[in-house]
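In each ligand, atom 1 is the first atom listed, and ligand 1 is the first ligand listed.
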Amino acid sequence: MLTDTSKRTRSESLFKHASKLIPGGVNSPARAFGGVGGTPPFMKRGDGAYLFDVDGNRFIDYIGSWGPHLFGHRHPKILQAIEYALTIGTSFGAPTEAEAELAQLVIEMVPSIEMVRMVNSGTEATMSAIRVARGFTGRNGIVKFAGCYHGHVDSLLVAAGSAALTLGCPSSPGVPAGATADTLVLPYNDCESLLAAFQKNGDQLAAVILEPVVGNMGCVIPTPEFLALLRALCTQHGTVLIFDEVMTGFRVASGGAQQLFGVLPDMTTLGKIIGAGMPVGAYGGRAEIMNCVSPVGKVYQAGTLSGNPVAMAAGIAMLNLIRDENPYPKLETTSAMLADGFQSAAADNGVPVTINRVGSMLTVFLTSNGVRDLSSATSSDTALFSKWFHGLLNRGVYLPCSQFEAMFVSAVHTSEDIEQTILAAQAAFATLKS
Ligand code: KE4
């Protein structure tokens with residue numbers, strides 16, 4: 001039975017009020033509905049696979065805070081760990097045992113990481129990894145790929161994905177030319193241009209950074225040839241290969257995309273799931289590289305709240321949950337059921353879609369083309385996507401508010417939730433024909 005969640009008057013008044021105080025009424029542009037229009041629901045609480053808004057509507061949540069909630073909202077073991085941490089304090093600015101405990105878990109779980117440094121966000125992680133790669137190699141050049149998003153780092157805010165792409169500002173004003181002069185942007189999955197770039201500039205390249213499964217132009221999957229060539233060229237030229245696993249880390253496998261695909265980077269950045277909803281990022285890699293980081297080495301990076309005990313407790317609980325419960329088989333089954341359901345619902349209504357999925361991250365592109373890079377992703381009909389998005393939102397299903405994002409299934413989404421979602425998708429696709 002379909003639910004009607006179209007009445008959201010309190011969210012509308014809150015959005016008007018917040019917009020006078022905070023740019024766009026949000027603390028991150030991705031939440032502002034800029035790509036789909038309308039008013040974002042203001043959420044009151046989350047529980048398991050659901051979000052509840054201030055108007056009393058319940059939504060089946062496929063954002064999961066943009067990735068962190070692998071086990072849904074308010075998992076008891078994560079809450080318990082946070083509650084205990086609060087009984088001993090919030091932050092000391094001194095080393096604690098918990099930081100070493102989370103570091104140990106990350107090193108054991110992520111194949112290529114020998115040493116790791118905690119920070120407070122994915123952006124801090126990628127910003128720091130780029131600096132370390134430049135310090136380690138003594139070079140300046142970096143390669144990124146059009147449509148990939150690595151946080152709002154000056155040198156990487158070029159042809160960026162996520163909300164930068166959604167809102168039509170993939171290369172942001174305010175970033176001085178000097179900050180991106182050493183950044184080379186290539187098409188994702190394009191072996192030819194990668195080879196040419198290395199033949200021309202290989203020995204000036206400090207790093208190549210990529211999302212090893214892209215979420216930020218929607219879900220885009222690397223070809224095995226592309227990953228293999230990347231690895232080979234970086235090895236050949238002494239360039240640091242950075243897998244930005246802020247989204248894919250602990251999401252597509254316990255060891256991230258590098259474990260799933262069997263390709264080991266030199267450095268890895270992490271975020272989202274590692275903090276279980278608390279602000280945690282991390283960067284790590286070969287000990288030889290990480291020993292360049294202050295205070296052991298000379299590459300400076302610091303943070304008042306990095307490794308704070310409350311966030312560490314949440315991260316430790318999350319990674320222990322992953323090791324104890326191994327959610328991936330169930331995530332695969334539930335996510336495949338969801339993708340198949342979307343595919344049939346679209347076909348039943350004559351709506352051409354392309355669905356890309358890796359494990360529990362997926363995107364329904366409103367296009368009949370295959371989607372393998374930014375130009376094919378942007379061939380999607382974003383106006384049609386917006387209509388479909390609102391059709392689902394008004395029927396109790398909360399997808400990422402952009403064609404250029406990935407949705408996430410959690411380990412606590414049930415088959416009933418999936419069936420309910422497909423019913424809503426069926427009805428929403430039907431409205432696209434009118
Ligand atoms: P944060 O600084 O937002 O923690 O992480 C930046 C980042 C880095 N790398 C990847 C692959 C990422 O996906 C992100 C952040 N992702 C976006 C959503 N696609 C976060 C949502 C937002 O910006 O509000």
Side-chain angles (χ1 to χ4, degrees), residues 22-35 40 43 61-70 118-130 142 144-167 169-170 172 188 207-222 242-252 256-258 265 267-284 303 305-306 311 314-315 358 361-363 374 377 398-408:
I22 308 168
V26 292
N27 283 306
S28 191
R31 308 171 195 164
F33 273 36
M43 296 303 171
D61 178 19
Y62 290 99
I63 298 187
S65 182
W66 299 94
H69 295 317
L70 190 69
M118 301 296 163
V119 291
N120 301 283
S121 69
T123 295
E124 266 194 87
T126 57
M127 172 178 74
S128 309
I130 292 290
I142 43 179
K144 79 172 287 289
F145 296 93
C148 285
Y149 175 71
H150 304 289
H152 59 95
V153 192
D154 270 1
S155 61
L156 298 175
L157 262 185
V158 193
S162 187
L165 173 62
T166 304
L167 301 171
C169 212
S172 169
Y188 197 83
V208 175
I209 184 167
L210 77 155
E211 295 181 59
V213 176
V214 187
N216 289 295
M217 49 178 134
C219 182
V220 169
I221 305 164
I242 303 172
F243 274 13
D244 177 357
E245 299 226 39
V246 165
M247 190 183 287
T248 54
F250 314 111
R251 166 63 60 183
V252 299
Q258 58 192 269
M267 293 185 80
T268 302
T269 53
L270 298 165
K272 296 182 192 279
I273 292 174
I274 191 175
M278 298 298 286
V280 180
Y283 66 96
L305 297 177
S306 296
V358 177
M361 65 186 272
L362 63 145
T363 299
L374 182 59
Y398 192 60
L399 292 194
C401 46
S402 163
Q403 172 68 94
F404 308 116
E405 293 284 359
M407 72 178 84
F408 302 104

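- Counting only heavy atoms of the protein, atom 6 (C) of ligand 1 lies nearest to Gly151 CA, 3.5 Å.
- Listed by number with element, the atoms of ligand 1 under 4.0 Å from a non-hydrogen atom of Ser121 are 2 (O), 4 (O).
- Lys144 contributes a side-chain N or O that, together with a main-chain N or O of Ala159, makes up a donor-acceptor pair within less than 3.5 Å.
- Comparing Asn216, Val246, Val153 against atom 13 (O) of ligand 1, the shortest heavy-atom distance belongs to Asn216.
- Atom 21 (C) of ligand 1 has as its closest protein heavy atom Trp66 CG, 3.8 Å.
- Atom OH of residue Tyr188 and atom CG of residue Leu374 lie 12.5 Å apart, to the nearest 0.5 angstrom.
- Side chain of Arg251 to main chain of Gly67: a donor-acceptor pair is present (N/O by atom type, distance under 3.5 Å, no hydrogens or angles).
- Protein heavy atom in closest approach to atom 23 (O) of ligand 1: Ser28 OG, 3.3 Å.
- On a distance-only criterion, Thr126 and ligand 1 share no N/O pair closer than 3.5 Å.
- In terms of modelled atom types and a separation under 3.5 Å, the side chain of Ser162 and the main chain of Glu405 share no donor-acceptor contact.
- In terms of modelled atom types and a separation under 3.5 Å, the side chain of Glu211 and the main chain of Tyr149 share a donor-acceptor contact.
- Proximity of atom 3 (O) of ligand 1 to the protein is not indicated, since no non-hydrogen protein atom lies closer than 4.0 angstrom.
- Looking at Glu245, its side chain never comes within 3.5 Å of a backbone N or O of Pro212 through a donor-acceptor pair.
- The contact set between ligand 1 and Thr123, taken as ligand atoms under 4.0 Å from a residue heavy atom, comprises 1 (P), 2 (O), 5 (O), 6 (C).
- Counting heavy atoms only, Lys272 comes closest to atom 20 (C) of ligand 1 of the residues Lys272, Glu211, Met217, Glu405.
- In this structure, Ser162 is part of the shell of residues with a heavy atom less than 4.0 angstrom from ligand 1.
- Counting only distance, with no hydrogens or angles, the side chain of Thr126 and the backbone of His150 share a donor-acceptor pair below 3.5 Å.
- No N or O atom of His150 sits closer than 3.5 Å to an N or O atom of ligand 1.
- In this structure, the protein non-hydrogen atom closest to atom 1 (P) of ligand 1 is Gly122 N, 3.6 Å.
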